[in-house]
Trainee: 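Got a structure here, written out as structure tokens. Questions coming.
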Amino acid sequence: MMKQVDFYFDVGSPAAYLAWTQLPRLAAETGAAVRHQPMLLGGVFQATGNQSPMNVPAKGHYMQADLERFARRYGVPFRHNPFFPINTLTLMRGATGVQLREPARLAAYVDAVFRAIWVEGRDMNDPAVVGQALAAAGFQPEVLLALTQQPEVKERLKTATQEAVARGVFGAPTFFVDGQMFWGQDRIDFVKEALL
């Protein structure tokens with residue numbers, strides 16, 4: 001049976017973006033299937049009493065340098081978004097809706113949103129900017145926006161976030177392999193070991 005890794009993420013997390021860039025290599029090196037698990041990080045924080053490391057000035061300063069270090073190690077583009085924090089409710093409903101309706105396009109959607117936030121530094125709090133980023137990636141912004149307002153999509157994201165918390169998730173990204181939890185993009189080596 002093929003091994004699998006559950007990848008819990010929110011596009012507002014720079015660490016989740018860095019992990020995202022490494023998932024194809026992880027899958028190729030382990031032969032594992034990646035199950036993408038969109039969740040709302042704000043909901044996770046609220047349920048667990050956690051908060052963004054960026055809310056603690058000394059920790060945030062350190063984290064910024066550390067994220068840049070990892071981006072160099074991985075050879076991927078990264079820049080701190082000047083509009084951070086991004087309210088990701090609509091964006092994560094978008095990911096959930098695409099996963100429900102057109103699962104084959106989920107990776108393209110998530111890639112476009114991550115790139116807009118963590119490479120291009122765009123203001124994804126602005127619906128017009130979101131529309132431009134999605135249109136450039138081949139999506140119809142008005143169709144996606146309508147999708148984010150569907151009760152089934154809203155409920156699925158809420159449920160997915162609650163399920164994540166019930167599994168022990170307190171931040172993003174979080175990985176699960178055979179019931180073992182690994183938090184943080186800097187734990188990918190442990191994820192790989194568990195898959196092998």
Trainee: Using a 4.5 Å cut-off on heavy atoms from C-beta on, say whether the side chain of P141 contacts that of L144.
Mentor: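 They are not in side-chain contact.
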
Trainee: Quick one, V110 and V113 - any side-chain contact, counting heavy atoms below 4.5 Å?
Mentor: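 A side-chain contact is absent here, since even the closest heavy-atom pair is not under 4.5 Å.
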
Trainee: Do the side chain of D6 and the main chain of V34 share a donor and acceptor less than 3.5 angstrom apart?
Mentor: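 Not a single qualifying donor-acceptor pair exists.
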
Trainee: Over all heavy atoms of both residues, which pair between V44 and T48 is shortest? Give the atoms and the distance, please.
Mentor: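 Nearest pair, atom of V44 first, then T48: O-OG1, 2.8 Å.
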
Trainee: Just verifying a value: how many Å separate D10 CG and T174 OG1, rounded to the nearest 0.5 Å?
Mentor: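 Rounded to the nearest 0.5 Å, the CG-OG1 separation comes out at 11.0 Å.
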
Trainee: Report the C-alpha separation of R156 and Q99 in whole Å, then their side-chain angles, then the decisive distance to 0.1 Å, and conclude whether the side-chain hydrogen bond (donor to acceptor under 3.5 Å, both in side chains) test is met.
Mentor: CA-CA 10 Å; R156 176 67 202 130; Q99 187 176 47; 5.7 Å; no

Trainee: Give, for atom CH2 of W20 and atom OG of S13, the distance between the pair rounded to the nearest 0.5 Å.
Mentor: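 Answer rounded to 0.5 Å: 13.0 Å.
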
Trainee: Say whether, by atom type as modelled, one donor and one acceptor occur between the side chain of Y74 and the main chain of R69 under 3.5 angstrom.
Mentor: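 Such a contact is absent between Y74 side chain and R69 backbone.
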
Trainee: Can a donor-acceptor pair be found, under 3.5 Å and without considering hydrogens, that links the side chain of T148 to the backbone of L145?
Mentor: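 Judged by distance alone, yes, a pair lies under 3.5 Å.
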
Trainee: Hey, does V119 have a side-chain heavy atom less than 4.5 Å from the side chain of R79?
Mentor: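 They are not in side-chain contact.
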
Trainee: Does the N81 side chain pair with the main chain of I117, one donor and one acceptor, at a distance under 3.5 Å?
Mentor: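 Looks like yes, one N/O pair under 3.5 Å.
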
Trainee: Is a side-chain N or O of N50 found less than 3.5 angstrom from the main chain of F170, in a donor-acceptor match?
Mentor: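 Looks like yes, one N/O pair under 3.5 Å.
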
Trainee: Should W118 and M39 be counted in the same cluster of Ile, Leu, Val, Met, Phe, Trp and Tyr side chains packed under 4.5 Å apart?
Mentor: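 In one cluster: no.
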
Trainee: Should the pair D189-K192 be classified as a salt bridge under the 4.0 Å nitrogen-to-oxygen rule?
Mentor: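 No.
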
Trainee: Does the side chain of R167 come under 3.5 Å of the side chain of Y8 through a donor N or O and an acceptor N or O?
Mentor: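 Their side chains do contain a donor-acceptor pair, which is all the 3.5 Å distance test asks for.
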
Trainee: Using atom types as modelled and distance alone, determine if a side-chain donor or acceptor of T161 lies under 3.5 Å from a backbone N or O of L40.
Mentor: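 Checked: pair present.
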
Trainee: Roughly how far apart are T96 OG1 and Q37 CD, rounded to 0.5 Å?
Mentor: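 Interatomic distance, T96 OG1 to Q37 CD, rounded to 0.5 Å: 10.0 Å.
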
Trainee: Using side-chain heavy atoms (C-beta onward) and a distance below 4.5 Å, is Q22 in contact with L18?
Mentor: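 SC-SC contact between Q22 and L18 ruled out.
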
Trainee: What are the two closest non-hydrogen atoms of M92 and P38, and how far apart are they?
Mentor: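 Closest heavy-atom pair between M92 and P38: CE-CB, 3.6 Å.
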
Trainee: For residues L134 and Y109, determine if any side-chain heavy atom of one lies less than 4.5 Å from a side-chain heavy atom of the other.
Mentor: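 Yes; the side chains approach each other to less than 4.5 Å.
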
Trainee: Near K154 NZ, under 6.0 Å, is it more than 12 heavy atoms from other residues, nucleotides or ligands?
Mentor: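 Atom NZ in K154 is crowded, with more than 12 foreign heavy atoms closer than 6.0 Å.
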
Trainee: Taking the basic N atoms (NZ, or NE/NH1/NH2) and the acidic carboxylate oxygens, is any pair closer than 4.0 Å for R73 and E68?
Mentor: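 Salt bridge: no.
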
